[in-house]
Structures are given as structure tokens and as C-alpha cells.
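Comments concern the structure below.
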Amino acid sequence: MIPWVQLDSARTPDGAQELRLKRRGDEFSIMLGTNELMNSRLSGSEEALARLSCERIARRKRPGILIGGLGMGFTLRAALAALDRDAAVTVAELVPAVVAWAQGPMSGIFDGCLDDPRVTLREADVGQLIRAEKAAWDAILLDVDNGPEGIVYKGNDTLYSAAGLAVARAALKTGGVLAVWSQGPDGGFTRRLKQAGFAVEEINTRANGKRGARHVIWIATNQA
């Protein structure tokens with residue numbers, strides 16, 4: 001068995017916790033304490049987050065997509081594969097080290113997608129970008145925590161609150177979608193999405209194709 005080797009570490013934005021990048025052979029893992037946030041061999045549900053969102057805006061010309069969380073680039077690559085050449089994809093990543101890992105030891109996983117002319121990478125709080133402009137986005141994809149709770153950064157709690165969902169809805173164009181990835185179901189979050197005025201789909205998906213843990217993706221459509 002090849003042992004895990006820690007390549008780097010970084011503090012979370014509030015300084016309270018530590019993110020660690022580990023490698024075992026050609027496999028990478030990003031850990032938060034003892035919790036694995038993502039693994040390079042498990043990408044199915046993150047790819048589904050992008051695919052399901054892009055399907056719902058497929059007929060739009062020059063769509064603008066905001067992705068919260070760079071991670072290992074699974075959602076970004078899947079979005080680029082699904083979108084036409086006229087799309088614009090902004091990725092917000094709050095932890096500078098995650099960007100450095102993407103451009104350094106994990107560059108092979110990213111396979112040049114950060115150089116795609118459709119992509120703009122921002123070292124910023126996705127919440128700030130959501131609040132910056134109304135009716136700006138065709139889709140907002142959030143994969144910044146393990147679910148609708150600020151596990152990596154407590155400031156993210158606002159994203160999933162009633163007030164935060166109202167702001168997200170205002171940031172979407174009519175018919176735009178808010179998509180949120182989670183490691184499991186959360187009935188309270190589903191209710192908050194509906195109370196915010198979204199039409200809500202709660203979709204179960206697997207961590208890796210037809211295998212692995214069951215994850216949840218909410219597709220919330222701004223019908224107003």
C-alpha cells in the first residue's frame with residue numbers, strides 16, 4: 001500500500017481550521033481536520049452539479065455562470081464540457097492555497113481548464129460576488145462546503161440562510177438556477193429554498209457514477 005504524503009496545508013479563512021493537501025501515488029485528497037472534503041477519484045456528484053445546471057440553461061446565448069469553490073476542478077471541467085464557446089464562467093475561491101494547489105501539484109488533474117478563455121478565476125468570497133449585482137447570472141453553482149452549512153468557513157452560513165437565498169435569487173436572471181451540492185439531505189434547506197420563492201428539485205446522485213456515497217444536489221429555479 002502506497003502511503004499518503006502531505007504536500008501542503010493552509011488555514012481556513014477564519015483561521016480556525018486547517019486544510020491539508022495529501023497525495024498517494026496519482027491520487028489526491030483535500031482534508032479538513034479528519035474529514036475528507038474531496039478526493040481525485042470521486043468526481044461524479046460534482047460533475048452532476050454542473051451537468052444538471054447547464055442542461056437547464058442550455059438554450060441561453062452567452063450564459064454567465066458563477067461557481068463557488070474551485071476544489072479539484074471537477075465542476076468547472078464538467079461545466080466547460082457542457083457549455084458553448086460563448087459562455088462565461090467565473091470561479092470564486094476564497095482560499096489562495098487551493099488556487100496554488102490547482103496551478104501546482106494538482107495541475108495534471110485540472111488539465112489546462114483554468115487557461116480556457118471562458119474562465120475567470122477570482123480569489124474572492126462567492127457571497128460577495130452574488131451580492132455585487134442583481135440579475136447578473138444564469139446559474140450559480142455552490143460547492144463550497146459539505147452541504148448547506150458553513151463547515152469550511154462559518155461565514156458561508158449566510159449563503160444558506162433565508163436572507164442569503166433571497167440575495168441569490170435576486171442575483172439570478174429570470175429562469176436562472178441556483179445549484180447546491182451536499183453530502184446528504186437537509187429538509188430545512190429545502191424548505192428555505194421554497195420559502196425564498198424558488199421552484200425546487202432535490203436530486204440524489206452518486207459520488208462516483210453508479211457507485212459510492214449518495215449525495216444530494218438542489219436545483220432551485222428563479223421563476224419570477
Side-chain angles (χ1 to χ4, degrees), residues 6-13 17-24 26-33 35-54 65-83 89-116 118-127 129-130 139-153 155-156 159-160 178-184 205-209 212-213 215-218:
Q6 181 168 314
L7 301 181
D8 197 12
S9 65
R11 305 305 297 182
T12 54
Q17 301 183 81
E18 183 181 59
L19 290 170
R20 292 178 291 133
L21 176 64
K22 300 171 69 177
R23 182 175 62 196
R24 180 174 64 185
D26 60 359
E27 179 183 4
F28 290 87
S29 174
I30 295 179
M31 305 285 295
L32 178 69
N35 296 320
E36 184 174 63
L37 295 180
M38 60 199 72
N39 184 289
S40 60
R41 293 186 177 179
L42 301 173
S43 60
S45 57
E46 288 88 351
E47 292 166 353
L49 176 70
R51 185 180 66 256
L52 292 167
S53 302
C54 292
I65 293 89
L66 174 61
I67 298 176
L70 176 60
M72 292 184 175
F74 301 138
T75 300
L76 173 59
R77 290 201 309 276
L80 293 174
L83 294 166
V89 182
T90 299
V91 183
E93 175 52 58
L94 189 56
V95 182
V98 174
V99 176
W101 297 344
Q103 296 169 335
M106 293 196 298
S107 60
I109 296 175
F110 280 79
D111 194 26
C113 69
L114 291 175
D115 298 321
D116 190 298
R118 294 172 289 178
V119 176
T120 300
L121 179 59
R122 298 279 304 275
E123 288 188 14
D125 182 347
V126 68
L129 298 185
I130 292 172
I140 298 172
L141 284 59
L142 297 180
D143 184 11
V144 293
D145 293 292
N146 269 4
E149 179 184 2
I151 184 174
V152 175
Y153 170 51
N156 285 345
L159 295 172
Y160 316 113
L178 170 67
V180 180
W181 183 96
S182 176
Q183 66 177 354
T205 185
R206 291 282 195 174
N208 196 25
H215 296 155
V216 174
I217 295 170
W218 286 275

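Values reported hereafter were calculated over all heavy atoms of this structure, with side chains retained and with hydrogens, waters and symmetry mates removed. Here the structure is a predicted model, which means the values were calculated and not measured.
Between D26 and R41 there is a salt bridge, since at least one side-chain N of the basic residue sits less than 4.0 Å from a carboxylate O of the acidic one.
Between L52 and T205, every side-chain heavy-atom pair lies at or beyond the 4.5 Å cut-off. T12 is listed as a side-chain neighbour of L19, based on a closest heavy-atom distance under 4.5 Å. At a threshold of 4.5 Å between non-hydrogen side-chain atoms, the residues M106 and L21 count as touching.
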Fill in: Stepwise side chain to side chain donor-acceptor pair (under 3.5 Å) check, W218 with S182
CA-CA 8 Å; W218 286 275; S182 176; over 6 Å; no
Worksheet entry | Candidate pair L178 and L142, rule side chain to side chain contact (heavy atoms under 4.5 Å, CB included), full reasoning | CA-CA 8 Å; L178 170 67; L142 297 180; 4.0 Å; yes
Practice prompt. Could you check L159 against V180 for side chain to side chain contact (heavy atoms under 4.5 Å, CB included), going step by step and ending with a plain yes or no?
Written response: CA-CA 10 Å; L159 295 172; V180 180; over 6 Å; no
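To the nearest 0.5 angstrom, E18 atom CD is 9.5 Å from L32 atom CG. Atoms CD1 and CD1, on I67 and I140 in that order, are 11.5 Å from each other to the nearest 0.5 Å. Taking CG from L114 and CD from Q103, the interatomic distance works out to 6.5 Å, rounded to the nearest 0.5 Å. To the nearest 0.5 angstrom, D143 atom CG is 9.5 Å from L37 atom CG. Rounding to the nearest 0.5 Å places CG of D125 at 8.5 Å from CD1 of I130. Between the NZ atom in K22 and the OG atom in S40 there is a gap of 12.5 Å [rounded to 0.5 Å].
Side chain of R20 to main chain of G33: a donor-acceptor pair is present (N/O by atom type, distance under 3.5 Å, no hydrogens or angles). A distance-only check finds a donor-acceptor pair linking the side chain of R118 to the backbone of L83 [under 3.5 Å].
In this structure, F28 and P105 approach most closely via the heavy-atom pair CZ-O, 3.3 Å. Nearest heavy-atom pair, L141 versus L49, reported as atom, atom and distance to 0.1 Å: CD2-O, 4.0 Å. Listed here is the closest heavy atom pair of C113 and V119: O-CG2, 3.6 Å. Summarising the geometry of S45 relative to I217, their closest heavy-atom pair is O-CD1, 3.5 Å, with the distance given to 0.1 Å. Here the closest heavy-atom approach between residue G184 and residue V216 is recorded as C-CG2, 3.6 Å. Across all their heavy atoms, A79 and A50 have their closest contact at N-CB, 3.5 Å.
Residues meeting the ring pair (Phe, Tyr, Trp, His ring centres under 6.0 Å) test with W101, sequence neighbours left out: none.
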Kindly list each side-chain donor-acceptor pair under 3.5 angstrom involving residues 68-77, sequence neighbours excluded, with atom names and distances?
unit_1 : atom_1 : unit_2 : atom_2 : d
T75    : OG1    : E46    : O      : 3.1
R77    : NH1    : M72    : O      : 3.3
R77    : NH1    : I109   : O      : 2.9

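Residue R122 places its CZ atom among 12 or fewer non-hydrogen atoms of other residues, nucleotides or ligands, all under 6.0 Å distant.
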